[in-house]
Amino acid sequence: MMAPASEAELAALVADHHGRAAPLWLAGGGTRLRLPQAAALSTRALSGVVTYEPGELTLIARAGTPVAEIEALLASQGQALAFEPMDHRAILGTTGAPTVGGVVAANVSGPRRVLAGACRDHLLGVRFVDGRGRVIRNGGRVMKNVTGMDLGRLVAGSFGTLAVLTEVALKTLPLPEAQETLAFPGLDAAQAVALFSAALATPFEVSGAAFHAGTAWLRIEGLAAQVAYRRARLTALLRDHTPEVLDAAASRALWQGLRDVAHFAGEGALWRILVKPTDAPATAAALARLGGNASLDWGGGLIWYRGPGEPAQVRQAAGAGLAMLLRPSGDAPPLFPAEPPGVAAISAALRRTFDPAGILNPGLMEG
Amino acid sequence: MSTIQMPVPDAGIIAQKPQIVAALQAVLPADAVISDPAETRAYECDALTAYRCPPLAVVLPRTTEEVAAAMRICHDMGVPVVPRGAGTSLAGGALPTADSVVIATLRLREVLEIDTSNRFVRVQTGVTNLSVSGELAPLGFFYAPDPSSQLACTIAGNIAMNSGGAHCLKYGVTTNNLLGVRMVLASGEIVEIGGPLPGAAGLDLLGLICGSEGQLGIVTEATLRILPRPEGARPMLIGFDSAEVAGECVARIIRSGLLPVAIEYMDDVCLRAVEGFARAGYPDCAAVLIVEVEGSEAEIAEQTERIRAIAAALHPVEFRSSRNDDESLAIWKGRKSAFGAMGRLGDYLCLDGTVPVSKLPFTLRRIGELSREHGLEVANVFHAGDGNMHPLILFDANKPGDLERAEAFGRDILRLCVEVGGCLTGEHGVGIEKRDLMSAQYGPDDMAIQMEVKSALDPRWLLNPAKVFPLDASQPWREGTAR
Ligand SMILES: Cc1cc2nc3c(=O)[nH]c(=O)nc-3n(C[C@H](O)[C@H](O)[C@H](O)COP(=O)(O)OP(=O)(O)OC[C@H]3O[C@@H](n4cnc5c(N)ncnc54)[C@H](O)[C@@H]3O)c2cc1C
């Protein structure tokens, strides 16, 4: 595996591969993809926090910086990455350390997305090397910036098919002072999503809304007095159900597990399906008919499905939703959902622009 | 004469005006095509009124299909197109050229779908920003981005400029609240991107389109994220006798772990203008902060108390928190009338650079020095929580050379913003105004790839000519000789 130690070295390497039209398989900490080792390129040697300004809610880090290092640094100042990126090691059975570049490249976002938005919503700026080996800067380090085209958000979530990220600037946010979770046992998916829709329509800033094995959970965060108040108001509103209250420690442990989808760790095809939240119960029912199990996050907008359904069957069950086979059985790469034709044409044109020789993770995102 | 150049219009296209208008009339309702110079004059500028140029014709479609039909004709005849919403851009983003057709989306005014269970609204993009929240209010929801121009500006313009507002410290800007668009490409093809699902199948095209200033397509419909309305909100006013200390207070509030919905800043020049105009009862001091917090009465009281303690350690000349709606209005009154008050003092240029919050005091001091060097007064009123500054440069449009001096001063301020680690524009966009300063922020390759992206979607460079990219750098692209 190649692991250049500087941005310039990385750029030269990509330029060389561009010239030879030789493919490169990109990795951060190597927790996501099983790569052909000979052509694998890791950013893990581009590591380290460049700037952290708690008073400006700004962090700049090189792409290969381990997420754990960043989380520890932020926590020391009472801050965090509000989108709470999931750690894929449990479900993918990989080792290595997740890197911040990998998080941005895959737009990895956890349960708090329902309130705080996705990784890309916290992205302030990027440096990257495009498919010709040019070093490019876009955005910056300030919270508001509309100068020119927003290429950072385009590269975020492009899974290394447009460019190699070398540095990212992210917005940090204060860690909530207090948290607890309301657990609602004995529900089906339809009842859970109805509960989520009701709770997420309140001003009480529910920061997690997930469902698994008959229990729905709502996470409440804020100042200590705020959490107590919000719990009382939500419980009164949802009075058809009697929740159990999980304290801060139990709540933290629960959401870390939900974030990492620990309940579907191990083997067997695992799908990540995006749906309109109110479509989730019907989709979950259709998936259940294929066999296997499903859980919900993001108020119903995200379905995790582990089961024997064939790709065509799962896609049919997903209906208007978008189904990604994140963990195929065996050694196959993940399978992305197909883009609609008009959109696919735009994406293809953009890929030719960023990577004319088609060398960066070639074909990875093709549905 | 003002200093921003526009390319020489294509005489061949202008000569073809009758054929172009006839072709448009053949596919659009009679009242949707305007070509009489007396009427096209109404579209000769946006809110950057120093720059004016009537277009060849104006098209006012009512449906996406009509937009597409007009776009296809312009594409086939090689006519540049200027997309337009309400024309409130402060950057000249909607300024026509003499050889262009303006396609305005302001008659596309339908609210298509409100879905509170899935927390989105789908609208045609000619609806005004304020009317979206107006529709949602009875349901207990709102649309978060709230530019001060929200009564007039449209969702189309907001998407094109990635507009922000006073409350984006907590809720983000347009790009954080946009879920999907329906868009007409330069070829006239209609595409749907995104929607109510929490993510895309492939690339994040929405992120690219939002803020692309009409360079990539004409957005006709949008799916927007909506939020439950907070229980309540209350501002507080904090006066300081030093700009530095006010800046320090902003940083300490943010570090404390509180997240106010808004932190607004006004300097002494602005305060005096506002006092003379609105009599808001603001203290006469170097700087005033208005900080707004949200929640229940108890939550507001607790946050207010914490901010009071932070401010007290910095010895403010005044601290006033609102106890009721009347007091809230009084505190906001001066801030909301700031632009009007400044307008009474004379003409002004409104800038929009962003700086890191820690650089606010230094930047303010430097702007003061530059003001003396250029011999023009400047007032500062801005969104301090995110460092988005709005220096207002005062000048006299009737005095020969004054606009040019103001523009030169403005360029110095924007270069300063970039130098201290910020950017040219936080929410108003580049347009024509900051176009030629792009090279202060971006190197040649940084800009080249943006122009290549533009070319990927608009190969003939017909959409919104002479905006965003410096004229010299974009010349080969515009003339089709690049690469
Ligand atoms: C008094 C005042 C206060 C303001 N306050 C703020 C503020 O607080 N925050 C802020 O962010 N801005 C503010 N602005 C700037 C302005 O209101 C915003 O940029 C707004 O989003 C423009 O909307 P519009 O409908 O007027 O668009 P226009 O001015 O008509 O167009 C703006 C840009 O969008 C493009 N465009 C328009 N329609 C489309 C379409 N359908 N498809 C693709 N591109 C299109 C145009 O080509 C142009 O480049 C203010 C302006 C004024 C005059």
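Please read all numbers here as calculations on a predicted model, not as lab measurements. The sequence lines fix the lettering, A, B, ..., with proteins before strands; numbering per chain opens at 1.
- Under the ring-ring contact (aromatic ring centres under 6.0 Å, His included) criterion, B:F469 pairs with B:W461, sequence neighbours left out.
- Contacts with chain A were tallied for B:P356, B:G211, B:P230; B:P356 has the most, counting heavy-atom pairs under 4.5 Å.
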### Task
Verify side-chain contact (heavy atoms from CB on, under 4.5 Å) between B:E299 and A:R230, making sure each step is shown before the conclusion.
CA-CA 10 Å; B:E299 289 169 344; A:R230 289 171 170 177; 3.5 Å; yes

### Message
Before you tell me yes or no, could you show the steps for A:V142 and B:D386 under side-chain contact (heavy atoms from CB on, under 4.5 Å), namely the whole-Å CA-CA distance, both residues' side-chain angles and the distance that decides it to 0.1 Å?
### Response
CA-CA 7 Å; A:V142 287; B:D386 38 37; over 6 Å; no

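- In this structure the side chain of B:M161 never reaches within 4.5 angstrom of the side chain of A:V146, judged on heavy atoms.
- Contact of A:L123 with chain B is not made at all, since no heavy-atom distance falls under 4.5 Å.
- In this structure, the portion of A:I346 lying under 4.5 Å from any heavy atom of chain B is its side chain and not its backbone.
- Considering only heavy-atom pairs separated by less than 4.5 Å from chain B, the leading option among A:A225, A:S158, A:G148, A:G157 is A:G148.
- The structure places CG of A:L115 at 8.5 Å from CG of B:L227, a figure rounded to the nearest 0.5 Å.
- With contacts defined as side-chain heavy-atom distances shorter than 4.5 Å, the pair A:M149/B:L216 qualifies.
- Heavy-atom distances place no part of A:V193 under 4.5 Å from chain B, backbone and side chain included.
- You'll find the side chain of A:N138 stays beyond 4.5 Å of the side chain of B:I449, heavy atoms only.
- Atom CG of B:L169 and atom CG of A:L57 lie 7.5 Å apart (nearest 0.5 Å).
- When each of A:A323, A:G342, A:A201, A:A349 is scored by its heavy-atom pairs under 4.5 Å with chain B, the top score falls to A:A201.
- Chosen from B:G207, B:G426, B:G172, the residue pairing most often with chain A at heavy-atom distances under 4.5 Å is B:G426.
- Between the CZ atom of A:R153 and the CG atom of B:L208 there is a distance of 11.0 Å, given to the nearest 0.5 Å.
- Contacts between A:T161 and chain B at a heavy-atom distance below 4.5 Å involve the side chain alone, from C-beta outward.
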### Message
Run B:E302 and A:Q226 through side-chain contact (heavy atoms from CB on, under 4.5 Å) and show every step you take.
### Response
CA-CA 9 Å; B:E302 177 171 3; A:Q226 223 169 8; 5.9 Å; no

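- The pair A:R351-B:E452 does not count as a salt bridge, with every side-chain nitrogen at least 4.0 angstrom from each carboxylate oxygen.
- Ranked by non-hydrogen atom pairs under 4.5 Å with chain A, the options B:G295, B:C210, B:A448, B:C423 are led by B:C423.
- With a 4.5 Å cut-off on non-hydrogen atoms, A:S347 touches chain B through its backbone and its side chain both.
- Looking at A:D279, neither its backbone nor its side chain comes within 4.5 Å of chain B, counting heavy atoms on both sides.
- The contact between A:L274 and chain B is made by backbone and side chain atoms together, counting heavy-atom distances below 4.5 Å.
- Taking the side chain as every heavy atom from C-beta outward, A:K144 and B:T425 never approach each other to under 4.5 Å.
- In this structure, the side chains of B:L203 and A:L162 come closer than 4.5 Å at one or more pairs of heavy atoms.
- Residues A:E56 and B:S358 have side chains that bring a donor and an acceptor to within less than 3.5 angstrom of each other.
- Counted by atom type alone, A:R137 and B:Q441 present zero donor-acceptor pairs between their side chains at under 3.5 Å.
- To the nearest 0.5 Å, atom OG1 of residue B:T175 and atom CZ of residue A:R120 are 4.0 Å apart.
- Within the structure, every pair that satisfies the salt bridge (charged side-chain N to carboxylate O under 4.0 Å, His left out) test and touches residues 159-177 of chain B, not counting sequence neighbours, is listed here: A:E205-B:K170, B:K170-B:E294.
- Taking the side chain as every heavy atom from C-beta outward, B:V357 and A:E53 never approach each other to under 4.5 Å.
- For the options B:L205, B:V250, B:I193, heavy-atom pairs under 4.5 Å to chain A are most numerous at B:L205.
- Contact annotation: the side chain of B:E231 approaches that of A:R233 to within less than 4.5 Å [non-hydrogen atoms, C-beta and beyond].
- The structure places CZ of A:F196 at 13.0 Å from CG of B:N118, a figure rounded to the nearest 0.5 Å.
- In summary, the side chains of A:N145 and B:T354 do not present any donor paired with an acceptor at a separation below 3.5 Å, with no hydrogens or angles considered.
- Rounding to the nearest 0.5 Å places OG of B:S296 at 8.0 Å from CZ of A:F204.
- Of the listed residues B:R119, B:R229, B:M438, the one with more heavy-atom pairs under 4.5 angstrom with chain A than any other is B:R119.
- Looking only at heavy-atom pairs under 4.5 Å with chain B, the residue among A:D130, A:V114, A:D150 that has the most is A:D150.
- Ranked by heavy-atom pairs under 4.5 Å with chain B, the list A:H122, A:M143, A:R113, A:Q77 is led by A:R113.
- Interface remark: A:L175 contributes no atoms to any contact with chain B (heavy atom separation under 4.5 Å).
- Heavy atoms closer than 4.5 Å to chain B are found nowhere in A:A344, neither backbone nor side chain.
- Residue A:A156 touches chain B through its backbone alone, counting heavy-atom pairs closer than 4.5 Å.
- Ranked by heavy-atom pairs under 4.5 Å with chain A, the list B:D445, B:I190, B:N162 is led by B:D445.
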### Task
Go through the steps for A:T147 and B:K434 under the test side-chain contact (heavy atoms from CB on, under 4.5 Å), then give the verdict.
CA-CA 9 Å; A:T147 320; B:K434 282 147 275 192; over 6 Å; no

